[in-house]
> 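Quick one: structure below, then a few questions.
To find a chain, count down the sequence lines: A is the first, B the second, and so on, and within it residues start at 1. Keep in mind the model is a prediction, meaning the values are calculated, not measured.
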Number of protein chains: 2
Amino acid sequence: MEETEKRVQAFFEACRVHGIRATPQRVEIYRELRNTEEHPDAETIYRRVRERMPVISLDTVYRTLRLFEEKEVISRVGALNERARFDGNMKPHHHFICKVCGYVGDVYCGAWNDLKPPKEVERLGRVHSVHVELRGVCKKCRSR
Amino acid sequence: MEETEKRVQAFFEACRVHGIRATPQRVEIYRELRNTEEHPDAETIYRRVRERMPVISLDTVYRTLRLFEEKEVISRVGALNERARFDGNMKPHHHFICKVCGYVGDVYCGAWNDLKPPKEVERLGRVHSVHVELRGVCKKCRSR
DNA sequence: GTCGCTGCAAATTATTTGCAGCGTA
DNA sequence: TACGCTGCAAATAATTTGCAGCGAC
C-alpha cells in the first residue's frame with residue numbers, strides 16, 4: 001500500500017474515533033493535505049481537490065479544515081489567525097500562545113536565544129531569526 | 001527618564017535613520033505598543049491611542065504598523081497573517097517561513113523535539129506543544 | 001512648493017453563517 | 001425518520017486603497 005493511502009486508512013480510523021463521517025469530500029481534502037508539503041491555504045486546497053472532485057464548494061473546504069483542526073487531525077501553521085497581533089519588544093524572546101483565547105505571553109529563555117538550525121535548512125533559504133512558540137491553554141482558560 | 005520614554009527617544013533616532021517622519025500619531029502608536037505586554041491588535045491600539053489623541057484614524061494605525069514592521073521597529077506575532085495555512089503532518093517538526101513570499105518549509109531537528117520550557121511558563125498556563133519557527137528569506141526570493 | 005502623512009469612505013479579501021435539500025445510518 | 005453534511009448565497013470581519021487636504025521641510 002502506498003504511503004498516502006495508509007494515512008487515509010488512519011484517517012478513516014480517526015473519523016470513527018471522533019464520531020464524524022468520512023465523506024468523500026473530507027477524504028479528498030485530507031488526502032490533498034497529506035500529499036503535499038506546501039502547507040496550502042483553503043483556496044489552494046479547494047482548487048486542487050476540485051480537479052478530481054468537481055462538486056465541492058469552498059465553504060465545505062473551510063468547514064472541513066476547521067473540523068480537522070478541532071479534532072487535531074491537522075494543524076495550522078503559525079498563530080491562530082484571528083487577527084494580526086503586534087509586539088514592540090525587539091529583544092530576543094519567545095511566545096506562549098493560548099489555543100483557546102489567543103492570549104500571547106512573553107517567554108524569556110536564554111538557552112533558546114541561540115538555537116542553531118540544522119544544516120539542511122540552508123537548502124530552504126537563509127535564516128534571520130529563530131523563535132520558539134509554546135502552544136497550550138492559559139491559566140484563565142483552564143479555570144473555565 | 002522613565003523606561004518607556006527612553007525607548008521613545010530611541011524611536012526618534014530610528015525614524016531619523018530610516019528617513020521617516022516621527023509624527024505625533026506614530027509616536028503614540030509606538031508608545032502604546034511599548035507600554036504593554038499584551039501584543040495588541042490594530043483595533044485595540046487604535047482604541048487606546050484615541051483616548052489620548054482623539055484625532056487619529058484606524059487606517060493610520062494599520063498603515064503605521066505596517067511601516068514599523070517593514071522597518072523592523074516592531075514585529076508581528078506568529079506567521080505573517082496573510083491567510084491561514086494548514087499542515088497535515090502531525091509528527092513533531094518545525095517550520096522555516098519566508099518573510100518575503102510566505103513560503104513554509106518543514107524542518108526536522110530531533111534536538112528540538114523536546115525543548116523544555118522554563119519553569120516560569122507555568123505562571124502563564126499549561127504547554128501542550130513546543131514549536132520552533134525560523135524566519136528568513138527563501139532561496140527563490142533571495143535570488144530575485 | 002513639494003512631498004510625506006493623514007482622515008474619510010469605499011473597496012477588497014478571507015472566512016463564516018443561515019437555510020434548504022440530500023443521503024446515509 | 002432523523003441528523004449530519006453539503007452547496008449556494010449572503011453576511012461579517014479584517015485589512016487595504018484612492019483621493020483630497022494639510023502641514024513640515
Side-chain angles (χ1 to χ4, degrees), chain A residues 11-12 14-30 32-33 39-50 52-71 73-86 101-102 104, chain B residues 11-12 14-30 32-33 39-47 49-71 73-86 101-102 104:
Chain A
F11 172 69
F12 278 111
C15 286
R16 229 180 34 72
V17 171
H18 292 298
I20 61 175
R21 289 199 196 146
T23 66
Q25 288 92 332
R26 290 178 181 176
V27 174
E28 284 311 311
I29 291 169
Y30 184 75
E32 184 55 45
L33 212 40
H39 311 80
D41 56 55
E43 185 83 34
T44 303
I45 296 171
Y46 170 59
R47 242 179 305 110
R48 297 210 189 130
V49 168
R50 203 165 49 160
R52 285 175 275 134
M53 172 181 273
V55 186
I56 186 170
S57 77
L58 180 56
D59 32 52
T60 295
V61 175
Y62 273 109
R63 263 189 292 232
T64 302
L65 291 171
R66 228 184 323 152
L67 179 70
F68 286 176
E69 196 188 355
E70 210 177 287
K71 301 298 184 190
V73 171
I74 66 167
S75 67
R76 190 181 285 244
V77 175
L80 331 92
N81 282 60
E82 351 129 86
R83 42 184 100 170
R85 284 163 158 273
F86 299 88
C101 68
V104 179
Chain B
F11 172 69
F12 278 111
C15 285
R16 229 179 35 73
V17 171
H18 292 298
I20 60 175
R21 287 197 197 149
T23 65
Q25 288 91 333
R26 291 178 181 176
V27 174
E28 284 311 311
I29 291 169
Y30 184 76
E32 184 55 45
L33 211 42
H39 310 81
D41 56 55
E43 186 83 35
T44 304
I45 296 170
Y46 170 60
R47 242 179 304 110
V49 169
R50 204 167 45 163
E51 284 170 20
R52 284 174 278 135
M53 171 180 275
V55 186
I56 186 170
S57 76
L58 179 56
D59 32 53
T60 294
V61 174
Y62 273 109
R63 263 190 292 234
T64 302
L65 291 171
R66 226 181 328 147
L67 178 71
F68 285 177
E69 197 188 353
E70 210 178 286
K71 302 298 185 191
V73 170
I74 66 168
S75 68
R76 187 182 287 245
V77 175
L80 330 91
N81 283 60
E82 353 129 85
R83 41 184 100 171
R85 284 163 158 272
F86 300 89
C101 68
V104 179

> Using atom CD1 of A:I56 as one end and atom C1' of D:dC8 as the other, report the distance to the nearest whole Å.
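From A:I56 CD1 to D:dC8 C1': 14 Å.
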
> Please list, in numerical order, the residues of residues 59-67 of chain B that have a heavy atom closer than 4.0 Å to any atom of DNA chain C.
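Only B:D59, B:T60, B:R63 qualify.
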
> Starting from P on C:dG7, measure out to CG on B:L58 and report it in whole angstrom.
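B:L58 atom CG is separated from C:dG7 atom P by 10 Å.
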
> Could you check whether any side-chain heavy atom of B:L33 comes within less than 4.5 Å of a side-chain heavy atom of B:L65, counting everything from C-beta outward?
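Yes - at least one pair of side-chain heavy atoms lies under 4.5 Å apart.
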
> Just so I know, are the side chains of A:T64 and A:Q25 near enough to count as touching, which here means a heavy-atom distance under 4.5 Å?
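In short, these two side chains do not touch, never coming nearer than 4.5 Å.
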
> Specify the separation, in whole Å, of atom CZ of B:R83 and atom C1' of C:dT16.
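Checked: the CZ to C1' distance equals 17 Å.
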
> Hey, can you tell me if A:F11 and A:Y30 have their rings parallel, tilted or perpendicular (30° and 60° cut-offs)?
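A:F11 and A:Y30: parallel rings.
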
> If we only count heavy atoms from C-beta on, is the A:R26 to A:L67 side-chain gap below 4.5 Å?
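Heavy-atom side-chain distance check passes, below 4.5 Å.
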
> When rounded to the nearest 0.5 angstrom, what distance separates CZ in A:F68 from SG in A:C15?
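The distance works out to 6.0 Å.
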
> Starting at CZ of B:R66, measure out to CZ of A:F86 and round the result to the nearest 0.5 Å.
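Here the interatomic distance stands at 9.5 Å.
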
> Taking all non-hydrogen atoms of both residues into account, name the closest pair between A:A84 and B:R76 and its distance.
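In terms of heavy atoms, the two residues are closest at CB-NH1, 3.4 Å.
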
> Near DNA chain D, which residues from residues 16-28 of chain A have a heavy atom under 4.0 Å away?
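Those residues are A:I20, A:R21, A:T23, A:Q25, A:R26.
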
> Please work out which residues in residues 43-50 of chain A have a non-hydrogen atom less than 4.0 Å from an atom of DNA chain D and list them by number.
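Going residue by residue through residues 43-50 of chain A, none turns out to have a heavy atom under 4.0 Å of DNA chain D.
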
> Can you tell me which nucleotide in C:dC8, D:dT15, D:dG7 comes closest to the side chain of B:S57?
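Given the options C:dC8, D:dT15, D:dG7, the side chain of B:S57 is closest to C:dC8.
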
> Using every non-hydrogen atom in the two residues, find where A:A42 and A:L58 come nearest and quote the distance to one decimal.
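Of all heavy-atom pairs spanning A:A42 and A:L58, the closest is O-CD1, 4.3 Å.
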
> Please report the interatomic distance CD1(A:I29) to CD1(A:I45), rounded to the nearest 0.5 Å.
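Taking CD1 in A:I29 and CD1 in A:I45, the distance rounds to 7.5 Å.
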
> Distance check, rounded to the nearest 0.5 Å: A:R50 atom CZ versus A:E28 atom CD?
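Result: 14.5 Å between the selected atoms.
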
